[in-house]
Amino acid sequence: MQSSERIDNYYTASRNDHSTYPALVGDHSVDIVIVGAGFTGIATAVELSERGYKVSVVEAHRVGWGATGRNGGQVTGSLSGDAAIEKQLHNMVGTDAKELMHLLRWHGHDIIKQRVERYSIQCDLQYGHLNTAYRESDIPDLQMAMTAAQDAGLSEHVSWLDKGQVQEKLATPLYHGGVLNNYNMHLHSLNLCLGEAAAACSLGATIYEQSPVSGIQAPANATGKVRVKTAAGSISANTVIVAGNAYHRLFQRQLKGLVFPAILGNLTTAPLGKELARKIIPDNLAVYDSRMVLDYYRLTADHRLMFGGGTNYSGRDINNVASALRPGLEATFPDLKGVEIDYAWTGTAGIVVNRIPALGVIGNNVYFAQGYSGHGIASSHIMAEIMADAISGTQERFDVFSKLKHVRLAMGPRAGSALIALGMAYYQLKDRFK
Ligand SMILES: Cc1cc2nc3c(=O)[nH]c(=O)nc-3n(C[C@H](O)[C@H](O)[C@H](O)COP(=O)(O)OP(=O)(O)OC[C@H]3O[C@@H](n4cnc5c(N)ncnc54)[C@H](O)[C@@H]3O)c2cc1C
C-alpha cells in the first residue's frame with residue numbers, strides 16, 4: 001500500500017516548509033472544491049482565491065506528493081504535442097492560432113515568475129536551458145524550433161550553439177549542437193508548489209491532506225451543488241475541479257482512454273561541491289536532449305546533479321532507479337564515474353497519445369485538467385488560469401482548448417501504459433542503432 005506521506009527524495013528532504021494540513025472531517029460548504037494538490041490543483045486554488053472565491057483543496061496524500069514533488073524541475077516552453085495542437089487550432093481559429101500557441105508555449109513562465117515575485121517564494125529559480133542534439137540528424141528539427149521561438153518574439157533569449165560551443169557549456173562529448181534558451185527556467189518544484197499552497201491559504205483557501213476523495217456527485221442541472229466525499233467528511237460546492245492527473249481514478253467512464261500513466265525515473269547525486277558542479281555545467285543550465293526517450297538534468301542549489309530519464313514506461317515501478325539511470329549519467333559526464341547517488345525515485349506523468357493537454361467539463365460543474373505529457377510545470381499553470389477564467393465568466397480560451405480533439409484509446413490505464421511502453425522501447429532501440 002502507498003504511504004500517504006511524501007516519498008523520500010531530494011525535494012522532500014530539502015523543502016522549506018514543513019507545515020501539514022488537517023484531514024477533512026465533517027461536512028463543509030465552499031464555492032469551489034479542487035481534488036488534488038499538485039501544480040494543477042494548487043495553481044488553480046491561487047488563481048481562484050485571488051479572484052475572491054472561497055476554495056478548498058482536498059489531497060489524498062500531502063501537497064506536492066505526486067509528479068509535482070518528483071519531477072526534473074525544468075520549466076520549458078516546448079509542448080510535447082506542438083504540431084497536433086497548432087494544426088487543430090489553425091482549423092478552429094485561423095490566424096489567432098499563432099497567438100494561442102504562443103500562450104501555450106510561454107505564458108506559464110510569466111505566471112510562475114510573477115507568482116514567485118508576488119508571494120516571495122523561495123524555490124531556487126534559475127534561468128537558462130539547453131536543448132541538445134543527440135544526433136547530427138536532429139539538428140534541423142532543433143533549428144526549426146529555435147526559429148519558431150525567435151519568430152514568436154524571443155530572439156534575444158534564444159540562440160544556436162555548435163558542437164564546440166555546447167562543449168563550453170557542458171563537460172560532455174555527447175552532443176552535436178543545441179538551442180540555448182535563456183527564457184526557460186529551472187527550479188525546486190516542491191518548494192514552488194508549497195509556496196503557492198501557502199499563498200492560496202493566505203488568501204483564504206483551505207487545504208485538507210491525507211483525505212482521498214472517494215466519490216464526486218455532480219448535480220442534475222447547472223444550478224445544483226456538487227458534493228465531494230471522503231471517508232470522514234464531505235464538501236458541497238458550486239464547482240469541482242478534478243486535478244488528480246495520472247494518479248486519480250475518478251470519472252473513469254468519462255475519462256477512459258484519455259490519459260495513461262508513464263513511470264519516469266529521477267535521481268540526485270551526493271553534493272559535488274561548487275568546483276566540480278561548475279566544471280560540468282559552468283552556467284548552471286538545465287538540459288534535455290533530442291531523443292524521444294530522453295535524458296534531462298540540471299544542478300540543484302546545493303550542487304548536486306539531478307538526472308532523469310525515460311527508463312521504464314510499463315506502468316510498474318522501476319526496481320532500481322539508480323542503477324537504471326547510472327549508465328546514462330556516466331556516459332554524459334565521465335567526470336562523475338562512480339559518483340555517490342543520495343536519492344533515486346520514480347514518479348507518474350500523465351501521457352496523452354497525441355500529447356495535447358486534456359482540459360474539459362464532465363457533466364454539470366465538474367472541470368478537469370490533466371495529461372501534460374512530461375511538460376506540466378508551465379502547462380499546469382496555464383490550464384489553471386484558463387479554468388479560473390472560465391469559472392469567473394471569461395469562457396473564450398477555455399472553449400477553444402477544451403474542444404481540441406484527443407486520440408483516445410479504448411483501453412484502461414494498465415493496457416494503455418503497456419502500449420506506451422512498447423512505443424518507447426521501439427524508440428530506445430532505434431536510438432541505439434542510429
Ligand atoms: C519523474 C518526472 C519528471 C518530470 N519532469 C518534468 C520537468 O522537468 N518539467 C516539466 O514541465 N514537467 C515534468 N514532469 C511532469 C510534471 O511534473 C507534471 O506534469 C505536473 O507536476 C502535473 O501536476 P498535477 O498537479 O497535474 O499532477 P500531480 O502533481 O501528479 O498531482 C496530482 C495529485 O492528485 C492527488 N490525487 C489523486 N487522486 C486523488 C483523490 N481521489 N483524492 C484526492 N487527491 C487525489 C495525488 O495524490 C497528487 O498529489 C515530470 C514528471 C515526472 C513524473
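Read the numbers this way: they start at 1 and go in the same order the structure lists the ligands and their atoms. This chain uses plain numbering: 1 for the first residue, then up along the sequence.
Judged by distance alone, the side chain of Ser4 and the main-chain N or O of Gln210 form no donor-acceptor pair under 3.5 Å. When atom types are taken as modelled, the side chain of Thr239 and the backbone of Asn365 share no donor-acceptor pair closer than 3.5 angstrom.
Here Ala243 has backbone heavy atoms under 4.0 Å from ligand 1, and that is the only part of it that gets that close. In Tyr372, the part holding a heavy atom less than 4.0 Å from any atom of ligand 1 is the side chain. Contacts of Thr348 with ligand 1, taken as heavy-atom pairs under 4.0 Å, involve the backbone alone. By the criterion of a heavy-atom distance under 4.0 Å, the backbone of Pro212, and not its side chain, is placed next to ligand 1. With a heavy-atom cut-off of 4.0 Å, Thr346 does not touch ligand 1 at all.
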Q) Lys54 and Asp31: salt bridge (charged side-chain N to carboxylate O under 4.0 Å, His left out), yes or no, with the steps? A) CA-CA 5 Å; Lys54 195 164 163 29; Asp31 298 326; over 6 Å; no

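Between Glu117 and Lys113 there is no salt bridge, since no side-chain N of the basic residue sits under 4.0 Å from a carboxylate O of the acidic one. Contact check on Arg304 versus Glu340 returns no salt bridge, with no Lys/Arg side-chain nitrogen under 4.0 Å from an Asp/Glu carboxylate oxygen.
Atoms of ligand 1 lying under 4.0 Å from at least one heavy atom of Val35, given by number and element, are 40 (C), 42 (N), 43 (C).
By the 4.0 Å heavy-atom criterion, Gln370 is excluded from the residues contacting ligand 1.
For atom 21 (O) of ligand 1, the candidate residues are Thr230, Leu187, Thr68, Thr44; the nearest heavy-atom contact is made by Thr68.
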